[in-house]
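A short write-up of the structure that comes next.
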Amino acid sequence: QVQLVESGGGLVQAGGSLRLSCAASGSTFSDYRMGWVRQAPGKERELIATISGSGGRTYYDDSVKGRFTISRDNAKNAMYLQMNSLKPEDTAVYYCAAKRSGGPYASPSNYPTWGQGTQVTVSS
């Protein structure tokens, strides 16, 4: 079973950038499709980006498409989320999530393994 630890959150002004990192351990990282899920206060968890085990295929929710970029480095057992042009509505706790490759992947419920989360706050 893979274990996940996020880092890189913080406070940024609207229009700014942040880069989140997710460090994985405990299993063969390339066997897992990875995703970033966020949850804003009072809202449901939202899967905003996901990447295949090889890194060759990505998916983005419309809310972040063109502004966020998901990537991974399997040699370093790490995944990243580059967030540009941040908006106040991007404020949320961001979670790194993992599932074994194969099967459905478009919902947060498809991912059984989560990190502890990192807070991102975007001020207007």
Side-chain angles (χ1 to χ4, degrees):
Q1 185 77 350
V2 66
Q3 290 86 47
L4 306 171
V5 178
E6 303 95 336
S7 61
L11 174 63
V12 64
Q13 288 188 332
S17 299
L18 280 175
R19 189 192 195 209
L20 304 184
S21 298
C22 174
S25 62
S27 192
T28 304
F29 186 55
S30 59
D31 287 346
Y32 291 82
R33 171 175 282 272
M34 302 295 296
W36 288 99
V37 177
R38 69 184 182 187
Q39 187 168 26
K43 295 189 176 181
E44 295 185 354
R45 288 184 174 182
E46 177 185 22
L47 179 66
I48 58 170
T50 180
I51 188 167
S52 62
S54 66
R57 287 174 290 179
T58 58
Y59 158 86
Y60 296 95
D61 185 80
D62 286 344
S63 62
V64 305
K65 198 173 295 182
R67 300 187 298 123
F68 292 8
T69 302
I70 189 171
S71 62
R72 67 190 294 162
D73 185 338
N74 286 348
K76 295 183 178 180
N77 287 355
M79 178 181 65
Y80 309 99
L81 185 69
Q82 178 66 43
M83 305 186 294
N84 298 329
S85 302
L86 283 161
K87 304 175 181 179
E89 51 263 44
D90 294 317
T91 295
V93 177
Y94 284 70
Y95 298 90
C96 171
K99 68 176 293 295
R100 288 199 175 269
S101 295
Y105 60 84
S107 168
S109 63
N110 297 141
Y111 296 77
T113 304
W114 298 68
Q116 83 286 354
T118 186
Q119 176 70 45
V120 171
T121 302
V122 184
S123 63
S124 57

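From a predicted model like this one, the values you see are computed outputs, not experimental measurements.
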Please give me the minimum heavy-atom distance between [X] and [Y], naming the atom from each residue.
X      : Y      : value
Pro88  : Ser124 : CG-CB, 3.9 Å
Ser107 : Leu47  : N-CD2, 3.8 Å
Asn74  : Ser30  : ND2-CB, 3.5 Å
Ser17  : Asn84  : OG-OD1, 2.9 Å
Lys99  : Pro112 : CB-CD, 3.8 Å

### Task
Decide whether Ile70 and Val2 are clustered together by the hydrophobic rule: side chain heavy atoms of Ile, Leu, Val, Met, Phe, Trp, Tyr closer than 4.5 Å, transitively.
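Yes, same cluster.
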#### Entry: Pairs where residues 66-75 contributes a residue and the test salt bridge (charged side-chain N to carboxylate O under 4.0 Å, His left out) is met, not counting sequence neighbours
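Pairs touching residues 66-75 that pass the test: Arg67-Asp90.
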### Query
Which pairs, with at least one residue in residues 39-51 and sequence neighbours excluded, count as a salt bridge (charged side-chain N to carboxylate O under 4.0 Å, His left out)?
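Listed by first then second residue: Arg38-Glu46.
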Nearest 0.5 Å please: distance from the [atom1] atom of [X] over to the [atom2] atom of [Y].
X     : Y     : atom1 : atom2 : value
Glu6  : Met79 : CD    : CE    : 8.0 Å
Thr50 : Asp61 : OG1   : CG    : 12.0 Å
Leu18 : Gln82 : CG    : CD    : 8.5 Å

### Message
Could you work out, with side chain to side chain contact (heavy atoms under 4.5 Å, CB included) as the rule, every residue matching Gln3, not counting sequence neighbours?
### Response
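Gln3 satisfies side chain to side chain contact (heavy atoms under 4.5 Å, CB included) with Gln1, Ser25 once adjacent residues are dropped.
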Report yes if some heavy atom in the side chain of [X] is under 4.5 Å from a heavy atom in the side chain of [Y]; otherwise report no.
X     : Y      : answer
Leu20 : Val120 : yes
Ile48 : Leu81  : yes
Lys87 : Ser63  : no

### Query
Which pairs pass ring pair (Phe, Tyr, Trp, His ring centres under 6.0 Å) with one or both residues in residues 27-68, sequence neighbours excluded?
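Of all non-adjacent pairs touching residues 27-68, none passes ring pair (Phe, Tyr, Trp, His ring centres under 6.0 Å).
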### Message
According to ring pair (Phe, Tyr, Trp, His ring centres under 6.0 Å), does anything in residues 88-124 pair up with another residue at least two apart or in another chain? List the pairs.
### Response
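Output for this query lists Tyr95-Trp114.
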Are the side chain of [X] and the backbone of [Y] linked by a donor-acceptor contact shorter than 3.5 Å?
X      : Y     : answer
Thr58  : Ile51 : no
Ser52  : Arg33 : no
Ser101 : Asp31 : yes

### Atom CD of Gln13: over 12 foreign heavy atoms under 6.0 Å
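No.
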### Query
So which pairs with a foot in residues 23-93 pass disulfide (SG to SG under 2.5 Å), sequence neighbours left out?
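Qualifying pairs, neighbours excluded: none.
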